[in-house]
Asks: 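Below you will find the structure I want to go over with you.
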Amino acid sequence: MADFRVQGDEIKRLVKIAKKAPVALAFNPGGGEEDGYLAMHKVKSPEILGKEAKSEGEGGKFTFGMAAVAGKVLSLTCQRDLPGAAKKLKKYLKSQKVVLNVVILDAEGNVLESDIEEDLPDDPELAEAEEGEGEGEGEGDGAALRQRIEALRRQLAALPPAAAAGPLAALEKIGALLDGGEAERAESGLDKLAALIARLPQDGAPPAAPPP
């Protein structure tokens with residue numbers, strides 16, 4: 001079987017690619033950080049990587065799908081559910097010196113899980129790569145942010161109107177920031193809003209939405 005496992009600097013290389021276009025990703029957390037198995041590829045299908053993660057990984061549970069990266073957030077649209085995937089994947093990435101927040105989406109773009117730190121430190125190497133990109137190459141980040149906005153909008157549509165009103169208003173402001181070219185502020189607002197939505201009750205009044 002081909003080996004699509006990536007570690008360390010190779011993960012960072014694929015993360016840079018995922019900032020411009022989604023890449024296939026499969027993850028088997030194994031029994032801990034040392035035996036976690038992460039496969040990524042810009043051409044192969046998620047299903048192929050998933051089979052490898054299942055057979056080569058140490059654990060009996062795994063997930064796979066398409067991953068996109070915007071700023072400090074890796075969003076995985078998964079085709080197989082893995083409870084705790086956001087926390088486990090983020091922890092494994094950190095063990096490989098790749099510092100990213102993680103959001104797990106279903107096939108419809110609904111947020112299933114997220115592990116978001118508002119004060120996540122910058123990765124100097126990834127930050128330098130972003131600064132070195134041309135203006136046209138930044139379009140991928142904008143598309144990924146808009147994808148996150150639509151995913152949150154669909155998630156809020158399933159909540160009671162009273163609970164969704166505040167976050168929806170904040171989401172509109174975030175969209176306006178993105179339209180105005182303020183992608184960094186829009187991303188920061190999305191991170192905060194995603195964390196808030198994850199804590200929202202299914203009924204009753206929601207906590208106040210944070211400003212973007």
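Position 1 is the first residue of the sequence, and the numbers go up from there. We use all heavy atoms of the structure for the numbers below, so side chains are in, but hydrogens, waters and symmetry mates are not.
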Asks: What pairs of residues pass the salt bridge (Lys or Arg N to Asp or Glu O under 4.0 Å) test when at least one of them lies in residues 76-88, not counting sequence neighbours?
Replies: none
Asks: Measure up the His41 and Phe4 rings against each other and bin them: parallel (under 30°), tilted (30 to 60°), perpendicular (over 60°).
Replies: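 His41 and Phe4: perpendicular rings.
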Asks: More than 12 foreign heavy atoms under 6.0 Å from NZ of Lys54: is that the case here?
Replies: no
Asks: Same hydrophobic cluster for Ile149 and Leu168, using side-chain heavy-atom links shorter than 4.5 Å among ILVMFWY?
Replies: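 Result: yes, single cluster for both.
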Asks: Run Leu76 and Thr63 through side-chain contact (heavy atoms from CB on, under 4.5 Å) and show every step you take.
Replies: CA-CA 10 Å; Leu76 174 63; Thr63 188; 4.2 Å; yes
Asks: Test Pro29 against every option in Leu89, Asp35, Leu82 by the side-chain contact (heavy atoms from CB on, under 4.5 Å) rule and name the one that passes.
Replies: Leu82
Asks: So, using salt bridge (Lys or Arg N to Asp or Glu O under 4.0 Å) as the criterion, who are the partners of Lys90 when residues are at least two apart?
Replies: Asp115, Glu117
Asks: Walk me through it: do Ile11 and Leu93 pass the test side-chain contact (heavy atoms from CB on, under 4.5 Å)?
Replies: CA-CA 8 Å; Ile11 297 176; Leu93 289 171; 3.9 Å; yes
Asks: May I ask whether Phe64 and Leu74 are part of the same hydrophobic cluster, defined by side-chain heavy atoms of I, L, V, M, F, W, Y residues being less than 4.5 angstrom apart, directly or through others?
Replies: no
Asks: Looking at every heavy atom in both Ala194 and Arg148, which two are closest together, and how far apart are they?
Replies: CB-NH2, 4.2 Å
Asks: Would you check if Val73 and Asp191 make a side-chain contact, meaning some heavy-atom pair closer than 4.5 Å?
Replies: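 With C-beta onward as the side chain, the pair touches.
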Asks: How long is the gap from CD on Glu182 to CG on Leu177, to the nearest 0.5 Å?
Replies: 5.0 Å
Asks: Rounded at 0.5 Å granularity, tell me how far CE in Met66 sits from CG in Leu105.
Replies: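 Atom-to-atom, Met66:CE and Leu105:CG are 12.5 Å apart.
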Asks: Going by side-chain heavy atoms closer than 4.5 Å, which hydrophobic residues are tied to Val99, directly or by a chain of links?
Replies: Leu120
Asks: Is there side-chain contact between Leu112 and Cys78, with at least one heavy-atom pair below 4.5 Å?
Replies: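 The answer is yes, as the side chains (C-beta and beyond) meet within the 4.5 Å cut-off.
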Asks: Determine, step by step, whether Leu25 and Leu49 satisfy the side-chain contact (heavy atoms from CB on, under 4.5 Å) criterion, reporting the C-alpha distance in whole Å, the side-chain angles of both residues, the deciding distance to 0.1 Å, and the verdict.
Replies: CA-CA 7 Å; Leu25 181 151; Leu49 270 60; 5.6 Å; no
Asks: Please give me the minimum heavy-atom distance between Gly59 and Asn28, naming the atom from each residue.
Replies: O-ND2, 2.9 Å
Asks: Short question: side chain of Gln79, backbone of Gly65 - any donor-acceptor pair under 3.5 Å?
Replies: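 No, because the side chain of Gln79 does not come within donor-acceptor range (under 3.5 Å) of the backbone of Gly65.
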Asks: Would a distance-only check, ignoring hydrogens and angles, find a side-chain to backbone donor-acceptor pair under 3.5 Å from Glu113 to Ala86?
Replies: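 Present.
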Asks: Are Leu152 and Leu196 joined in one hydrophobic group, where the rule is that I, L, V, M, F, W and Y side chains link up if heavy atoms are under 4.5 Å apart?
Replies: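 Both belong to a single hydrophobic cluster.
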Asks: Do the side chain of Ser188 and the main chain of Glu184 share a donor and acceptor less than 3.5 angstrom apart?
Replies: no
Asks: Looking only at heavy atoms, what is the nearest atom pair of Pro46 and Ala24, with distance?
Replies: N-CB, 3.8 Å
Asks: With side chains defined as the heavy atoms from C-beta onward, is the minimum distance between Lys72 and Glu187 less than 4.5 Å?
Replies: yes
Asks: What is the minimum heavy-atom distance between Ala170 and Leu193, and which atoms define it?
Replies: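 Looking at all heavy atoms of both residues, the closest pair is CB-CD1, 4.2 Å.
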Asks: With Tyr37 as reference, evaluate Glu56, Glu58, Glu52 under the side-chain hydrogen bond (donor to acceptor under 3.5 Å, both in side chains) test and give the passing residue.
Replies: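 Per the side-chain hydrogen bond (donor to acceptor under 3.5 Å, both in side chains) rule, the option paired with Tyr37 is Glu52, out of Glu56, Glu58, Glu52.
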Asks: Flag yes if Phe62 and Val23 sit in one hydrophobic cluster, no otherwise; membership is Ile, Leu, Val, Met, Phe, Trp, Tyr, and two members link when side-chain heavy atoms are under 4.5 Å apart.
Replies: no
Asks: Walk me through whether Val103 and Val111 qualify under side-chain contact (heavy atoms from CB on, under 4.5 Å).
Replies: CA-CA 7 Å; Val103 175; Val111 177; 4.0 Å; yes
Asks: Any chance the rings of Tyr92 and Phe27 have centres within less than 6.0 Å?
Replies: yes
Asks: Do Leu171 and Arg153 have side chains that get closer than 4.5 Å, going by heavy atoms?
Replies: yes
